[in-house]
Amino acid sequence: KAQAAVKIAKRSGKVEIYRNGVLKEAQRRFSIESRLRTALAQGCLTLAFQPLIHLPTGEVNGFEALARWEDPDLGTVSPVEFIAVAEESGLITQLGRWAAYEAAQALSRWDAKFGQPLPVGVNINLSPIQMARDDVASMFEESLRYSGVAGNRLTAEITESAIIADPEKARKLLVALKDLQMLIAMDDFGTGYSNLASLHSLPIDILKIDRSFVSSMLDDKDKVAIVRTILSLAESLHLHVTAEGIETQKLAHALQTMGCGYGQGYYFARPMPEAEAYDYWRARWNFETV
Ligand code: C2E
Ligand code: MG
Ligand code: MG
Ligand code: MG
């Protein structure tokens, strides 16, 4: 039966199309890997910074650092694509080290520009594969030492899958990051296999509600219910909450009314280059409120 199907497919050219598709995909993956290797070695990646907003006051609480890559041949490659390739190829260790170092350096450059430490922090994304393979605690320790910024200005964004993969290792890492005074955020919360017990037993400070619940919340009663549940869970566990993917003023207002402390999304600002992020913060910084 299967052979007959292959014969029919062959006759109709479907196998060829399939082969070409797989080949093209493999070629793209291969060229991304080799170009990424070069880009990392030559320092061609950058970080973009997206503001994290305190919803009740509108103040800038910090920024999430997001990797950006523009290749001369491939053009702009989305982090969704190149992070996946970095994870498969093992380049994620190097990329992750670069991101942590660069994020801490950005903070120290902003501090130098302002003449004193800015009251903002930076969030850095950690890949589960990076957490499994690298000594992430000493990576952050070195980044902090080299940049001279206080540990409480860095937040590590981890995902539920990293905890599921190796709970004991994750626990040790999070405890080590807390020893550095860092904060821990659970990224994309609600999309993974949430283990509620681990939220309680691990030193987590912040839940980031995934964009998939937030962005279409106002037209979907089920999503509102999920967001409310996460907010009340966070309240009982004394965790802060950041809602991702806020694209409208209406949504920002609704979330604030529901008691969500922090928000992030295109309504406030898109991720932007380091210098622009500083200006964004500086324009909103009110000395009167200190
Ligand atoms: P993430 O950590 O959940 O980051 C949030 C993503 O949502 C970012 O996508 C951001 O640009 C996007 N976003 C923010 N606000 C809005 C909005 O209002 N609407 C919409 N539609 N999107 C919004 P980005 O920059 O493409 O990054 C995608 C993912 O790639 C990140 O998701 C993160 O998982 C990963 N990533 C990016 N940089 C790094 C990095 O340095 N290390 C690691 N391990 N992963 C990274
Ligand atoms: Mg993130
Ligand atoms: Mg996220
Ligand atoms: Mg997300």
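Counting starts at 1 for both ligands and their atoms, following the listed order.
Aromatic rings from F114 and W281 are positioned such that their centres are separated by under 6.0 Å. Y280 has its ring centre no less than 6.0 Å from the ring centre of W285.
Ring-plane geometry between F63 and W110 is classed as tilted, the angle between the planes lying from 30 to 60 degrees on a 0 to 90 degree scale.
Here R133 does not pair with E87 in a salt bridge; the nearest charged N to carboxylate O distance is not below 4.0 Å. With respect to K208 and D188, no salt bridge is recorded, no charged nitrogen being found less than 4.0 Å from a carboxylate O. By the 4.0 Å N-to-carboxylate-O rule, D166 lies too far from K172 to be salt-bridged with it. Salt-bridge check for E274 with R109: passed, with a basic side-chain N closer than 4.0 Å to an acidic carboxylate O. A salt bridge between E25 and R29 is absent, with no side-chain N of the basic residue lying under 4.0 Å from a carboxylate O of the acidic one. Taking the charged nitrogens against the carboxylate oxygens, E168 and R171 do have a contact shorter than 4.0 Å, which makes a salt bridge.
Because the distance cut-off is set at 2.8 Å, N125 qualifies as a neighbour of the Mg ion (ligand 2) through one of its N, O or S atoms. Counting backbone and side-chain atoms alike, D187 contributes an N/O/S atom closer than 2.8 Å to the Mg ion (ligand 3). Inclusion of E64 in the first shell of the Mg ion (ligand 2) is supported: an N, O or S atom falls under 2.8 Å.
The proximity of N125 to ligand 1, defined as any non-hydrogen pair under 4.0 Å, involves the side chain as well as the backbone. If you look at Q50 next to ligand 1, the close heavy atoms, those under 4.0 Å, all belong to the side chain. Contacts of P271 with ligand 1, taken as heavy-atom pairs under 4.0 Å, involve the side chain alone. Within the 4.0 Å heavy-atom criterion, neither part of Q264 lies near ligand 1. The proximity of D187 to ligand 1, defined as any non-hydrogen pair under 4.0 Å, is limited to the side chain. Contacts with ligand 1 closer than 4.0 Å are made by no heavy atom of I124, backbone or side chain. Residue contacts with ligand 1 for E244 involve side-chain atoms from C-beta outward but no N, CA, C or O (heavy atoms, distance under 4.0 Å).
Inclusion of Y267 in the set of residues having an N or O under 3.5 Å from an N or O of ligand 1 is not warranted. For the pair A67 and ligand 1, the shortest N or O to N or O distance falls below 3.5 Å.
In plain terms, the two heavy atoms of I32 and F82 that are nearest each other are CG2-CB, 4.3 Å.
Using 4.0 Å as the threshold, S78 has no heavy atom nearer than that to any atom of ligand 1. A heavy-atom separation below 4.0 Å is found between R68 and ligand 1. Taking a 4.0 Å cut-off on heavy atoms, E64 registers as neighbouring ligand 1.
With respect to the Mg ion (ligand 2), E157 has OE1 as its nearest N, O or S atom. Distances from the Mg ion (ligand 3) to the N/O/S atoms of E244 are shortest for OE2. Among heteroatoms of the N, O or S kind in D188, OD1 lies nearest the Mg ion (ligand 3).
Of the listed residues (E157, Q50, E64), just one forms a side chain to side chain donor-acceptor pair (under 3.5 Å) with N123, and that residue is E157.
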